[in-house]
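One structure below.
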Amino acid sequence: MDNQLWLVGLGGFLGAISRYFLNQYFSEIKLFPLGTFLVNMTGSFFMGLLLGSNWISDNILLLVGTGYLGAYTTFSTFNVELLIFKKNKQEFQFFLYVISSYIFGILLAYLGYFITTNIRHNTSLL
């Protein structure tokens, strides 16, 4: 159990730092919060990869899935940014951000899942 907590904690530490740096790097783009968007899209893709991978150990799932990706992606920041758009009466940015985040997030999660399940099936044929 202690080992599992360390894996989640280490992954969370690295994921939070990664999110911070990406948000800082893309903070100048004003259409909508591109840093949060990219974090959530890449996180969705990698979660899909993990979901489709039945060969990854439980420890790697804890480190990468629960720890890193759990801290890396950020639903709460996404919602606060949406509220700021509403407060500032930026309806176009609000709807663009909501629609693009959900559509691309789901598509990228599915793409990641599709890739790993097809790799698994194709290698079993060899």
Side-chain angles (χ1 to χ4, degrees):
M1 181 66 158
D2 289 339
N3 184 39
Q4 293 172 336
L5 292 175
W6 281 104
L7 289 171
V8 172
L10 175 62
F13 172 75
L14 296 171
I17 289 173
S18 298
R19 175 173 35 123
Y20 173 78
F21 282 119
L22 261 173
N23 278 327
Q24 292 301 307
Y25 184 77
F26 289 104
S27 66
E28 297 300 315
I29 298 172
K30 300 296 180 194
L31 180 61
F32 64 77
L34 187 59
T36 303
F37 179 77
L38 291 174
V39 161
N40 288 333
M41 296 306 103
T42 55
S44 294
F45 176 73
F46 287 116
M47 281 291 204
L49 286 176
L50 288 176
L51 180 64
S53 304
N54 65 352
W55 49 269
I56 295 178
S57 73
D58 289 343
N59 285 339
I60 297 298
L61 286 174
L62 286 171
L63 176 70
V64 177
T66 305
Y68 184 86
L69 292 173
Y72 177 70
T73 58
T74 173
F75 192 66
S76 58
T77 301
F78 168 69
N79 286 311
V80 166
E81 290 164 345
L82 287 172
L83 288 174
I84 291 169
F85 282 140
K86 277 302 223 185
K87 178 183 170 195
N88 294 333
K89 298 181 181 3
Q90 295 173 294
E91 298 299 322
F92 175 76
Q93 287 88 346
F94 175 86
F95 286 109
L96 178 65
Y97 194 30
V98 167
I99 291 167
S100 61
S101 293
Y102 281 106
I103 289 174
F104 289 117
I106 291 167
L107 287 174
L108 286 167
Y110 179 75
L111 177 64
Y113 176 79
F114 179 80
I115 288 170
T116 53
T117 55
N118 280 309
I119 288 172
R120 183 176 65 224
H121 292 319
N122 289 336
T123 56
S124 66
L125 297 175
L126 297 177

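Throughout, numbering of the chain's residues begins at 1 and tracks the sequence.
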Please report the interatomic distance [atom1]([X]) to [atom2]([Y]), rounded to the nearest 0.5 Å.
| X | Y | atom1 | atom2 | value |
| --- | --- | --- | --- | --- |
| Phe94 | Lys86 | CZ | NZ | 5.0 Å |
| Leu51 | Thr116 | CG | OG1 | 7.5 Å |
| Ile103 | Met41 | CD1 | CE | 10.5 Å |
| Gln4 | Thr66 | CD | OG1 | 9.5 Å |
| Phe85 | Leu82 | CZ | CG | 7.5 Å |
| Asn3 | Leu62 | CG | CG | 9.0 Å |

Using distance alone, with no hydrogens and no angle criterion, decide if Tyr68 and Ser18 have a side-chain donor and acceptor under 3.5 Å apart.
-> yes
Using the side-chain contact (heavy atoms from CB on, under 4.5 Å) rule, take Tyr113 and Leu49 through it: C-alpha gap first, then chi angles, then the decisive distance, then the call.
-> CA-CA 5 Å; Tyr113 176 79; Leu49 286 176; over 6 Å; no
Do [X] and [Y] share a hydrophobic cluster (ILVMFWY, side-chain heavy atoms under 4.5 Å, transitive)?
| X | Y | result |
| --- | --- | --- |
| Phe21 | Leu10 | yes |
| Tyr25 | Ile17 | yes |
| Val39 | Val80 | no |
| Leu69 | Ile106 | no |
| Tyr20 | Phe78 | yes |

[Y] and [X], any side-chain heavy atoms less than 4.5 Å apart:
| X | Y | result |
| --- | --- | --- |
| Leu31 | Phe92 | yes |
| Phe46 | Leu108 | no |
| Ile115 | Phe45 | yes |
| Val8 | Leu5 | no |

Within the distance-only criterion (no hydrogens, no angle test), does the side chain of [X] pair as donor or acceptor with the backbone N or O of [Y] below 3.5 angstrom?
| X | Y | result |
| --- | --- | --- |
| Asn40 | Phe75 | no |
| Thr74 | Thr77 | yes |
| Thr117 | Phe114 | yes |
| Ser101 | Val98 | no |

If you take all heavy atoms of [X] and [Y], which pair is closest and at what distance?
| X | Y | result |
| --- | --- | --- |
| Ala16 | Ala71 | N-CB, 3.7 Å |
| Thr36 | Glu81 | OG1-OE2, 2.8 Å |
| Gly105 | Ser44 | O-CB, 3.3 Å |

Quick one: list whatever passes side chain to side chain contact (heavy atoms under 4.5 Å, CB included) with Ser100, sequence neighbours left out.
-> Phe32, Phe37, Phe104
Centroid-to-centroid, Tyr102 to Tyr97, below 6.0 Å?
-> no
